Every structure is written in structure tokens, then in C-alpha cells.
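Taking it in order: structure first as C-alpha cells, then the write-up.
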Amino acid sequence: MIDWAESKGIILQPISKNQWVKEVENLDRISAILPFIKFFDDQLWDVSKQINFSVENTKRALEEVGLTIQPISKTIIERHYNYLKDKGELDTRELYNSGVI
């Protein structure tokens with residue numbers, strides 16, 4: 001995935017979770033993750049270190065309508081990237097520079 005991102009001119013560099021949260025909160029535009037940003041608060045993580053995430057209910061519901069969850073792949077990332085690019089959502093380099101995509 002890193003090679004794919006760099007092929008698109010997206011330079012990835014590690015930043016701390018808290019720095020990432022600040023970057024998202026300071027964006028000039030609305031980010032899809034913004035409504036969930038409080039989930040990344042240190043107080044929640046200190047209290048809830050044993051959170052168990054599961055997609056079983058989602059998988060079951062999708063299977064009932066004939067759909068399945070696909071593993072993330074280069075093809076899926078490319079499809080979503082192109083969709084966002086075609087909508088003009090990736091026109092600003094601010095998103096790349098702050099590391100929020």
C-alpha cells in the first residue's frame with residue numbers, strides 16, 4: 001500500500017495518534033472521520049483498552065442480501081481513490097500534507 005500511495009504522489013510518514021487527531025480537527029474542510037474523532041481520545045483508550053472489534057454482525061447481515069466483505073486490496077484502494085478524485089474530494093494537497101487520508 002505504501003508503494004501505491006507513493007505512486008500517486010502521497011508521501012506517508014508516521015505521526016502519533018494525538019498529532020493525527022489534531023490534524024483532522026484543524027482541517028479547513030469537513031472530513032468523513034470528524035464525527036468519530038472523539039473515539040480516538042486518550043481517555044477512552046485508557047479506559048477501554050480491551051475493546052473487541054468484530055465485523056461478524058455486519059458480515060451476517062450482508063450475507064443475507066448476497067454480499068460479502070472483501071479484504072482491502074490495491075484494487076479496492078485504487079477504486080475508492082479514483083472515486084474520490086473524480087468527485088473532486090482530493091483536489092487539495094492539504095489532505096495529503098496532513099496525513100489524514
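The structure displayed is predicted, hence computed values, not measured ones. Just so you know, residue 1 is the first one in the sequence shown, and it goes up from there.
Surrounding NZ of K22 are at most 12 heavy atoms belonging to other residues, nucleotides or ligands under 6.0 Å away. Counting non-hydrogen atoms of other residues, nucleotides and ligands closer than 6.0 Å to CD1 of I2 gives a total of 12 or fewer.
No side-chain heavy atom of V21 sits less than 4.5 Å from a side-chain heavy atom of F39.
If you take CG on D42 and CG on N18, they are separated by 4.5 Å, rounding to the nearest 0.5 Å.
Considering all non-hydrogen atoms of both residues, L34 and E25 come closest at CD1-CA, 4.3 Å.
Here R60 does not pair with E63 in a salt bridge; the nearest charged N to carboxylate O distance is not below 4.0 Å.
Under the ring-ring contact (aromatic ring centres under 6.0 Å, His included) criterion, Y83 pairs with no residue at all, not counting sequence neighbours.
Panel note: side chain K17, backbone F40; a donor-acceptor pair is recorded below 3.5 Å.
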Listing, residues 71-79 side-chain donor-acceptor contacts under 3.5 Å, not counting sequence neighbours, or none:
from : atom 1 : to  : atom 2 : distance (Å)
S73  : OG     : T75 : N      : 3.4
S73  : OG     : I76 : N      : 3.2
E78  : OE1    : W4  : NE1    : 2.3
E78  : OE2    : K8  : NZ     : 3.0

